[in-house]
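Here is how names work: the chains are called A, B, and so on, in the same order as the sequence lines, proteins then strands, and each is numbered from 1.
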Number of protein chains: 2
Amino acid sequence: MGPARISLPTSINGFSYADISKELGITKASLHYHFPAKAELGRSLIERYCNAFRGALLEIESTDRDPRKKLRRYAGLYAEVLRRDRMCLCGMLAADYSVLPRPMQDAVRAFFDANETWLSSVLEEGRKRKVLRFRGPPREEARLLLGALEGAMLVARSYGDVSRFSSSADRLLQDLSAS
Amino acid sequence: MGPARISLPTSINGFSYADISKELGITKASLHYHFPAKAELGRSLIERYCNAFRGALLEIESTDRDPRKKLRRYAGLYAEVLRRDRMCLCGMLAADYSVLPRPMQDAVRAFFDANETWLSSVLEEGRKRKVLRFRGPPREEARLLLGALEGAMLVARSYGDVSRFSSSADRLLQDLSAS
DNA sequence: GTCTATAGGTGGATAGAC
DNA sequence: GTCTATCCACCTATAGAC
């Protein structure tokens with residue numbers, strides 16, 4: 001009898017059973033008990049990350065009213081990650097999207113969707129309150145923001161230069177401010 | 001005696017001696033004759049890609065005068081890659097920047113630098129001719145454009161949706177048009 | 001649930017024949 | 001220059017003892 005699952009191409013995007021099990025202080029085999037296959041382990045990692053991010057967005061929602069401030073804090077989340085010399089997990093995984101197992105692909109998109117939805121609602125609110133100005137549907141502007149911030153983060157990290165990110169983020173938000 | 005080189009962590013970002021040698025119709029060992037270590041193989045790949053891209057930029061320079069048109073064609077290069085369901089090589093590699101060998105890191109940054117420089121000169125020209133409008137130094141706007149397009153590409157490919165990229169690109173260029 | 005041990009595969013890299 | 005053969009490290013995944 002053949003194996004029930006086919007092994008994935010080695011080391012999908014830098015994290016492995018060895019890495020994680022060592023960090024948890026257990027063995028690879030034990031980790032396999034909880035997450036039989038890489039696809040599920042990866043999906044769980046992404047969902048964990050996504051939930052933490054959602055938490056941060058809720059925090060922003062509950063402490064700030066001004067849509068402009070919300071966007072500034074949203075960009076601040078990215079800058080914070082960069083400052084620790086790290087990169088958005090989903091931005092990284094998106095680079096290898098085509099070779100990810102389906103469950104991980106779905107989780108990455110769910111992260112993007114969540115960001116897009118949150119941004120859309122903030123943009124819509126800002127437009128209603130006449131503090132933000134942009135053309136077309138909020139969803140399109142949200143997609144522009146999400147992509148632009150992820151990309152700015154990606155490039156800025158290659159230069160180890162947070163200000164490179166902040167400069168782009170500031171320009172984007174400035175363009176949104178109703179004068 | 002130990003080995004002269006230390007092996008890199010397996011499979012840096014999806015391309016391998018096996019992949020490339022198969023495509024070339026030779027063996028891995030033969031490929032190692034031309035590129036002893038992965039760092040040099042990777043650097044060569046990136047430089048090849050970078051040169052092809054520079055060629056495309058020169059082509060744009062030599063056939064179009066209007067800076068707005070140049071930018072539209074620049075964004076068109078990205079869209080073309082996306083249409084083939086592919087992604088910018090350097091955008092992909094930037095995601096794993098921190099674990100790339102130095103020669104590959106340098107080559108990735110050289111690609112970004114080249115793009116930034118080209119965009120800067122187009123933006124500056126557009127401002128002089130009063131067909132483009134933006135705040136601050138051209139270099140900063142160029143960085144915003146580069147990051148935003150790379151990021152839009154990254155996200156759009158996760159959805160297999162070119163229009164998602166084009167929509168963001170159009171918005172960016174629209175904002176630059178002097179009204 | 002956690003462990004040891006191992007299978008089976010792929011990765012980069014080298015030795016040596018031709 | 002290209003080949004076969006091999007090495008060692010690491011990967012995902014499983015079997016089976018405790």
_Can you confirm whether more than 12 heavy atoms, excluding those of B:R86, are under 6.0 Å from its CZ atom?_
no
_Tell me the interatomic distance from A:L31, atom CG, to C:dC3, atom P, rounded to whole angstroms._
10 Å
*Does a side-chain N or O from A:Y17 land closer than 4.0 Å to OP1 or OP2 of D:dA13, or not?*
yes
*Reckon A:Y33 touches a base, only the sugar-phosphate, or nothing at all at heavy-atom distances under 4.0 Å?*
base
*Toward the 5' end of DNA chain C, by each residue's nearest nucleotide, A:G25 or B:D19*: A:G25
*Just compare C:dG12, D:dT12, D:dC11 and give me whichever is closest to any side-chain atom of B:S16.*
C:dG12
*Could A:E125 and A:K70 be called an ion pair, given the rule that one side-chain N must be under 4.0 Å from one carboxylate O?*
yes
*Whole angstrom is fine here: how far is it from CZ in A:F35 over to P in D:dA13?*
13 Å
_Side chain of B:T27 - closest among D:dT4, C:dG12, D:dT12_ = D:dT4
*When the ring planes of B:Y159 and A:F112 are compared, do they come out parallel, tilted or perpendicular, using 30° and 60° as the limits?*
tilted
_Salt bridge check, A:K69 against A:D64: does any charged N sit closer than 4.0 Å to a carboxylate O?_
yes
*Gap between atoms CG and C1', on A:L41 and D:dA13 respectively (whole Å)*: 13 Å
*What integer distance in Å separates A:I26:CD1 from C:dT4:P?*
12 Å
*If you check the B:A29 side chain, which of D:dA13, D:dT4, D:dT14 turns out closest?*
D:dT4
*Does a donor on one side chain and an acceptor on the other come within less than 3.5 Å for A:S167 and A:D170?*
no
*Among the candidates D:dT4, D:dT2, D:dC11, find the nucleotide nearest to the side-chain atoms of A:A18.*
D:dC11
*May I have the distance from A:I20 (atom CD1) to D:dA13 (atom P), rounded to whole angstrom?*
12 Å
_In this structure, how many angstroms lie between the P atom of C:dG8 and the NZ atom of A:K28, rounded?_
16 Å
*Would you kindly give the CE-to-P distance between A:M104 and D:dT12, to the nearest whole Å?*
11 Å
*Would you tell me if any nitrogen or oxygen in the side chain of B:H32 comes within less than 4.0 Å of OP1 or OP2 on D:dT2?*
no
